[in-house]
Amino acid sequence: MSRASAVLLSLALVATTAPALAVDGEEEPLPVDETATLILGAPSTVLTLPDEDGVRDAATLALSSDVATDVTVDVLAADGIGILRTQSVAFAADALSTSIAVPVTDLPAGTLSVRATPAVGDPVSVALTVGSGRPASVALSLSASSIYSWSGSSRPKTTATVVAVDETALAVPFAGSVVASVGGKTQTVSVASSTGAAATATVTGSKLAAGSGSARALVTGAGSDVVASATVPLTVRTTAVTATKVSVSLATIYPSKDGYKDATKIAVRTSTTTGATIPVTGSVKVSRDGKTVTSWKLTSSKAWAATWAGTVSGRIVPGTYTVTVAVKGPEGGTKTSSTKVVVKKGKLVTKTTSTWYSAQRAFDDWMAFDSRSRCAEVGSTSLRCVGATEGFLSVAAVGTFGVPTAVRNSYKYGDGTVRVVLSTTELAGTVAWGYTRTGAETGKSDLVVKGDRSLGRLSLKGSARSIDLAVVLAGKSRFTSDKVKIEYTYKVMSTS
């Protein structure tokens, strides 16, 4: 068969196997895609470089259509023209929505866009942000801005918290250090975050010196240059004693155990750099002529007190003693303070003194409450009073005695007492008498009894300067006295 015959045969075969063409007026129309309306959701997250570090490496977008169609999804460059990545999505009539994954792989940092275009219909697009992952700013905070250089203190360290963000203001991984400089010393501690979460580092006061300084963070990430945080203030304090003071309740004592200045209370108050109680090493010593006679150990800066009886090995040794406190904290120098205590030999003894006075001297004034009652002197010493008119009160005789100087001087040793003895030679009817401290509302009082009688001892209360006496007669009464005794008891210091 010639070449032409072969061609004809081929054409014949095509003709016999091809579908019949429709006759004019009966052709079937070619299929045409329907116009699709797409909805493209915003990315689930901002993407962050570099790839495969586990930090925002992919974003998802929701895409849906109202009809079955084929869709082209493009990732466009920042200019909105250059196509960086393309993928296809086919929607069937029974599956008109899906999720699109967009990895950060090979994408540049910046504001990109994702565009979805249907086979027939208008495209839709949304913005897609890709961060560089390089720290743009770093934030540093300290859990405590003041710490102490002693490791045993209540606050020997502070925790530095560091966070780095890129230009999208999202946290990014970083590595670097926290550098603290205080008191002429510098401490550098590493800090890193592989996930972008806040990372911490511990700054220790013992590796710095006391003073005021600062700390800052220096970090890098995703190949960036070093980025520094703002500096934050940091103070390091010592745990030391700043001052101590010893005092005594009595600067002069008489250790005879008679109740008068038998012992002195020694008190110590100590201040510290922390403003609180700290451990110390120290002591309180009582010494004389360079020799310690007693001592106490101090282990804390809290207020301390003890009583010293003023004796040496149980004996009273008169002289001037020095009380000294010396304390030292975990850091810093020793602080001292001292005061003096004088020990004297002496013991209180009770002394009694008394004097008889004429009744005329004891009752140097009188007053009548009716025209017929009166008091009159009898002889050179006696005083006679007569209450003539019936009644509750007819006449009264009164007198005042000054407390002797020796008794008033004894008040520093305690209260003295006074006792008055009234000698009555004539008595009829109802007569009362009494004595009291001048100005006091109460004292000793009772009915008069013939003879020498006292109402007992009256305390001078450590301040009385005079004593008042009184005799009071009711109506139809008589009273005569020839003498009165004033007796004092008081304390004096004996050194014998």
Side-chain angles (χ1 to χ4, degrees), residues 249-250 252-264 309-310 316 344-367 375 381-383 385 396-425 427 430-473 479-496:
S249 60
L250 295 172
T252 301
I253 56 177
Y254 301 81
S256 57
K257 297 183 180 180
D258 57 3
Y260 175 73
K261 296 185 177 182
D262 290 330
T264 187
I316 299 175
K344 291 186 176 182
K345 186 178 182 180
K347 187 173 184 178
L348 291 181
V349 296
T350 300
K351 187 173 182 179
T352 302
T353 181
S354 62
T355 303
W356 281 99
Y357 297 91
S358 69
Q360 295 175 11
R361 161 65 182 85
F363 301 101
D364 57 359
D365 195 9
W366 61 272
M367 59 198 77
C375 292
T381 61
S382 297
L383 179 72
C385 296
V398 296
T400 299
F401 283 84
V403 177
T405 300
V407 177
R408 296 201 308 271
N409 289 342
S410 74
Y411 290 162
K412 60 185 177 182
Y413 303 125
D415 297 339
T417 66
V418 63
R419 185 172 76 99
V420 179
V421 177
L422 177 65
S423 179
T424 303
T425 57
L427 180 64
T430 303
V431 182
W433 77 295
Y435 46 94
T436 185
R437 300 181 305 277
T438 300
E441 295 182 358
T442 60
K444 298 287 187 177
S445 62
D446 205 344
L447 295 175
V448 174
V449 178
K450 192 172 182 179
D452 295 345
R453 293 290 186 272
S454 174
L455 301 179
R457 298 192 179 278
L458 174 70
S459 172
L460 296 173
K461 295 294 185 182
S463 62
R465 302 185 64 85
S466 59
I467 303 299
D468 294 334
L469 310 180
V471 173
V472 178
L473 283 72
F479 161 80
T480 301
S481 173
D482 61 344
K483 59 183 178 179
V484 172
K485 182 172 76 169
I486 310 294
E487 180 182 279
Y488 296 97
T489 60
Y490 57 97
K491 301 287 186 179
V492 296
M493 182 63 69
S494 173
T495 58
S496 59

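Heavy-atom basis, side chains included; hydrogens, waters and symmetry copies ignored.
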Novice: Find out whether F479 and W433 are in side-chain contact, i.e. whether some heavy atom of one side chain is under 4.5 Å from a heavy atom of the other.
Specialist: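 A side-chain contact is absent here, since even the closest heavy-atom pair is not under 4.5 Å.
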Novice: Distance from L455 atom CG to D446 atom CG, nearest 0.5 Å?
Specialist: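 Taking CG in L455 and CG in D446, the distance rounds to 6.0 Å.
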Novice: Please work out which of the three classes, parallel, tilted or perpendicular, describes the rings of Y260 and Y254, given edges at 30° and 60°.
Specialist: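 Taking Y260 first and then Y254, their aromatic rings sit tilted (interplane angle of 30° to 60°).
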Novice: Among V403, T405, N409, which residue satisfies the side-chain contact (heavy atoms from CB on, under 4.5 Å) criterion with V407?
Specialist: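 The side-chain contact (heavy atoms from CB on, under 4.5 Å) with V407 is passed solely by V403 among V403, T405, N409.
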Novice: Checking Y488 against T417 for the side chain to side chain contact (heavy atoms under 4.5 Å, CB included) test, could you report, in this order, the C-alpha distance in whole Å, the side-chain angles of both residues, the deciding distance, and whether it holds?
Specialist: CA-CA 6 Å; Y488 296 97; T417 66; over 6 Å; no
Novice: For D364 and Q360, indicate whether the former's side chain and the latter's backbone hold a donor-acceptor pair under 3.5 Å.
Specialist: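 Checking the backbone N and O of Q360 against the side chain of D364, no donor-acceptor pair under 3.5 Å is found.
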Novice: For the CZ atom on R361, are there more than 12 heavy atoms of other groups (residues, nucleotides or ligands in this structure) within a distance under 6.0 Å?
Specialist: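 Yes, CZ of R361 has more than 12 neighbouring heavy atoms, counting only those of other groups under 6.0 Å.
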Novice: So among T355, L422, D452, which one has a side-chain contact (heavy atoms from CB on, under 4.5 Å) with V484?
Specialist: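 The single option meeting the side-chain contact (heavy atoms from CB on, under 4.5 Å) with V484 is L422.
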Novice: Quick check against the 3.5 Å criterion: does T264 have a side-chain atom that pairs as donor or acceptor with the backbone of L250?
Specialist: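 Between the backbone of L250 and the side chain of T264 there is a qualifying donor-acceptor contact (under 3.5 Å).
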Novice: For the residue pair V492 and V349, establish whether any side-chain heavy-atom pair is separated by less than 4.5 Å.
Specialist: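 Answer yes - side chains close enough.
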Novice: Is it the case that the side chains of T381 and D482 hold a donor-acceptor pair, with the cut-off being a distance below 3.5 Å and no angle test?
Specialist: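 There is no such pair (donor and acceptor under 3.5 Å, judged by atom type) between the side chains of D482 and T381.
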Novice: Quick check: closest heavy atoms across S256 and K347, and the distance to 0.1 Å?
Specialist: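 Where S256 meets K347 most closely, the heavy atoms are OG-CA, 3.7 Å.
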Novice: For residues L383 and V471, determine if any side-chain heavy atom of one lies less than 4.5 Å from a side-chain heavy atom of the other.
Specialist: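 No, side chains not in contact.
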Novice: What heavy-atom pair brings S454 and R419 nearest, and what distance separates the two atoms?
Specialist: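 Here S454 and R419 meet closest at OG-CG, 3.0 Å.
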Novice: Quick check: closest heavy atoms across M493 and Y413, and the distance to 0.1 Å?
Specialist: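 Closest heavy-atom pair between M493 and Y413: CB-OH, 3.6 Å.
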Novice: Has D258 got a side-chain atom pairing as donor or acceptor with L348's backbone, closer than 3.5 angstrom?
Specialist: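 The answer is yes, because a donor-acceptor pair under 3.5 Å joins these two groups.
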Novice: I'd like to know if the side chain of T438 and the backbone of S466 have a donor-acceptor N/O pair within less than 3.5 Å.
Specialist: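 The answer is yes, because a donor-acceptor pair under 3.5 Å joins these two groups.
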Novice: How many angstroms lie between atom OG1 of T489 and atom CZ of R457, to the nearest 0.5 angstrom?
Specialist: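 Going from the OG1 atom of T489 to the CZ atom of R457 covers 4.5 Å.
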Novice: Please check if the number of heavy atoms outside K485 that lie under 6.0 Å from its NZ is greater than 12.
Specialist: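 For K485, atom NZ is crowded (more than 12 foreign heavy atoms under 6.0 Å).
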Novice: Identify the residue among I467, L469, V421 that makes a side-chain contact (heavy atoms from CB on, under 4.5 Å) with I486.
Specialist: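 Passing option: L469.
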Novice: How long is the span from the CH2 atom in W356 to the OG atom in S423, to the nearest 0.5 Å?
Specialist: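 Between atom CH2 of W356 and atom OG of S423 there are 5.5 Å.
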Novice: Any side-chain heavy atom of M367 within less than 4.5 Å of one from V398?
Specialist: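 Counting from C-beta outward, M367 and V398 do come under 4.5 Å.
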Novice: Say you draw a straight line from CD1 of I316 to NZ of K257; how long is it, rounded to the nearest 0.5 Å?
Specialist: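 Output value for this atom pair is 8.5 Å.
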Novice: Given the rule in the ring pair (Phe, Tyr, Trp, His ring centres under 6.0 Å) test, do Y490 and Y411 qualify, once you have shown the distances and angles that lead to the verdict?
Specialist: CA-CA 8 Å; Y490 57 97; Y411 290 162; 9.3 Å; no
Novice: For the residue pair T252 and K261, what are the closest heavy atoms and their distance?
Specialist: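 Reported closest heavy-atom pair: O-CD, 3.7 Å.
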Novice: Any idea which heavy atoms bring T425 and K450 closest together, and the distance?
Specialist: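 Here T425 and K450 meet closest at O-CE, 3.1 Å.
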Novice: Walk me through it: do R437 and L458 pass the test side chain to side chain contact (heavy atoms under 4.5 Å, CB included)?
Specialist: CA-CA 8 Å; R437 300 181 305 277; L458 174 70; 3.9 Å; yes
Novice: With rounding to the nearest 0.5 angstrom, report the CG to OG distance, L460 to S410.
Specialist: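 One finds 8.0 Å between CG of L460 and OG of S410.
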Novice: About how many Å separate NZ of K412 and NZ of K491, when rounded to the nearest 0.5 Å?
Specialist: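 Going from the NZ atom of K491 to the NZ atom of K412 covers 15.0 Å.
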Novice: Can you tell me if S481 uses its side chain to pair, donor with acceptor, with the backbone of A359 under 3.5 Å?
Specialist: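 Answer holds: no.
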Novice: For residues G462 and D415, report the shortest heavy-atom separation together with the two atoms involved.
Specialist: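 Minimum heavy-atom contact is N-OD1, 3.0 Å.
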